[in-house]
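Every value quoted in this text rests on a predicted model; they were computed, and no experiment measured them. Just so you know, residue 1 is the first one in the sequence shown, and it goes up from there.
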Amino acid sequence: MLKVGLIGFGAIGKDLATYFDGSKNGLDAEIAGILVRSPEKIQEPPYERCVITNNEDIFFGLNLDVVIEAAGHHSVELYGEKALLNGCHLIIVSVGALTDDHLFTSLKKAAMSSHKQLIIPSAAIAGLDRIHAAANHTLHEVQLVSRKPPRAWYGTFVEEKVDLATISEPVCVFNGNARESAKLFPESVNVSAALSLAGIGFEETKVQVFVDPSIERNSHEIIAKGHFGEVSVKVQNTPLADNPKSSYIVSMSIVKALKSLQSPVVIGV
């Protein structure tokens, strides 16, 4: 059984915890510990034996097999390298943190020295396996078009650009490359960072971001062309009830990554 530690217990962490019942989905794992700033706020732990702490030494002393980061870019900076050097596989949700080249290099070195993996799940998009395979030859073009309904943008700088309460047609709030988008939208466009790492890099991956009042689900469309041919993949994700910036598929993707670490058969890599 995998001993799993969560960094963060917000909307994604809470949704992820619902999958840790092997009788339902075949996942042979338990959440052994949760690292959060305010342990007292977690009134109902996912398991009685789960250690909830704000002390990183206690957390990393639990002999964990896998650490899952779901707490934002700063948490990757604070704990990513330590997780790997403590002998844990590291699954990160806040992929946009890897726009920091120094941080990414440090994490790769830590993973190599500890013989563990830094795992970037597909999360909110599809087709990363195809893009990453195509990158073994020539990729000419990779584009991402992300659209989210107005409620997903409250609490972000987009409120300063668009009247979210009265918007009546789609508005493009960003048109540039993936490095810029991942920094501007740390909670909403981590997908652009994952796509860049799979394909042709942060500078060459083109991104458009829309506030779209005509949709109810978060939408991401990938268009890529290269030696392999062409691909266009569009997904429409149901937003998390507690955090419309993210989607239920994120937790499902993490569960898939955990099962791949255990399974004798791995599909879609």
Side-chain angles (χ1 to χ4, degrees), residues 2-20 29-47 50-62 64-86 88-100 103-104 106-107 110-111 116-124 152 154-156 182-194 197 218 239-255 257-258:
L2 290 175
K3 292 183 68 176
V4 175
L6 300 184
I7 299 177
F9 200 64
I12 292 174
K14 291 174 184 175
D15 185 55
L16 179 61
T18 65
Y19 289 88
F20 280 76
E30 66 174 6
I31 299 176
I34 301 175
L35 181 64
V36 288
R37 285 194 296 263
S38 303
E40 68 279 1
K41 292 184 178 179
I42 302 179
Q43 298 178 352
E44 295 184 13
Y47 304 100
C50 179
V51 175
I52 301 172
T53 181
N54 57 9
N55 186 312
E56 61 184 276
D57 292 328
I58 292 175
F59 178 76
F60 287 111
L62 294 173
L64 301 168
D65 299 304
V66 184
V67 168
I68 300 169
E69 172 280 318
H73 292 193
H74 190 49
S75 292
V76 180
E77 298 167 6
L78 287 176
Y79 307 117
E81 187 175 8
K82 186 166 185 177
L84 291 162
L85 293 177
N86 271 267
C88 309
H89 296 295
L90 175 63
I91 300 175
I92 65 170
V93 174
S94 306
V95 187
L98 302 185
T99 56
D100 182 333
L103 174 62
F104 190 28
S106 296
L107 293 177
K116 297 297 177 180
Q117 291 182 317
L118 169 62
I119 299 170
I120 299 169
S122 294
Y154 284 102
T156 74
K183 290 179 179 178
L184 282 173
F185 306 98
E187 290 182 311
S188 298
V189 198
N190 278 303
V191 291
S192 66
L197 293 170
N218 301 332
L240 280 168
D242 292 341
N243 180 8
K245 297 180 182 68
S246 192
S247 311
Y248 287 103
I249 192 64
V250 174
S251 297
M252 301 176 197
S253 179
I254 294 170
V255 171
L258 290 171

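- Here the CD1 atom belonging to I120 is positioned 11.0 Å from the OG atom belonging to S253, to the nearest 0.5 angstrom.
- Summarising the geometry of A32 relative to L62, their closest heavy-atom pair is O-CD1, 3.7 Å, with the distance given to 0.1 Å.
- Counting all heavy atoms, side chain and backbone alike, G8 lies closest to I34 at O-CG2, 4.3 Å.
- Between L107 and G80, the closest heavy-atom pair is CD2-C, 3.4 Å.
- To the nearest 0.5 Å, atom CZ of residue F59 and atom NZ of residue K82 are 10.5 Å apart.
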Check your understanding: How far apart are the C-alpha atoms of L16 and V255, what are their side-chain angles, what is the distance that settles it, and do they pass the side-chain contact (heavy atoms from CB on, under 4.5 Å) test?
Key -> CA-CA 8 Å; L16 179 61; V255 171; 3.9 Å; yes
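- Side-chain atoms of E69 come within 3.5 Å of backbone atoms of V93 as a donor-acceptor pair (strictly under, hydrogens ignored).
- Side-chain contact between I254 and I68 is present, with heavy atoms from C-beta onward closer than 4.5 Å.
- L90 is not listed as a side-chain neighbour of I119, based on a closest heavy-atom distance of 4.5 Å or more.
- Taking every heavy atom of both residues into account, N190 and G96 meet most closely at OD1-N, 2.6 Å.
- Distance CD/E81 to CD/E77: 12.0 Å, rounded to 0.5 Å.
- Within the 3.5 Å criterion, the main-chain N or O of K245 finds a donor-acceptor partner in the side chain of N243.
- Between A111 and L118, the shortest heavy-atom contact is CB-N, 4.3 Å.
- With respect to the salt-bridge test (charged N to carboxylate O, under 4.0 angstrom), the residues K116 and D65 do not qualify.
- Side chain to side chain, H73 and D100 fail the donor-acceptor criterion of an N or O pair below 3.5 Å.
- Distance check: L6 CG to I31 CD1 gives 4.5 Å after rounding to the nearest 0.5 Å.
- I91 places a side-chain heavy atom less than 4.5 Å from the side chain of P121.
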Exercise for review: Take M252 and Y19 through the side-chain contact (heavy atoms from CB on, under 4.5 Å) test and state the conclusion after the steps.
Suggested key: CA-CA 8 Å; M252 301 176 197; Y19 289 88; 3.3 Å; yes
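- The pair K3-E30 does not count as a salt bridge, with every side-chain nitrogen at least 4.0 angstrom from each carboxylate oxygen.
- We find the OH-CG distance between Y79 and L35 to be 5.0 Å, quoted to the nearest 0.5 Å.
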**Study point:** Stepwise side-chain contact (heavy atoms from CB on, under 4.5 Å) test for L64 and V4
**Key:** CA-CA 6 Å; L64 301 168; V4 175; over 6 Å; no
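- In terms of heavy atoms, T18 sits closest to D15 at OG1-O, 2.6 Å.
- By the neighbour-count criterion of 12 heavy atoms within 6.0 Å, atom CG of N54 is densely surrounded, having more than that number from other residues, nucleotides or ligands.
- Within the 4.5 Å cutoff, side-chain heavy atoms of L258 are placed close to those of V66.
- Atom CG of N55 sits about 10.5 Å away from atom CZ of F60, to the nearest 0.5 Å.
- Not one N or O on the side chain of E40 forms a donor-acceptor pair closer than 3.5 Å with the backbone of I42.
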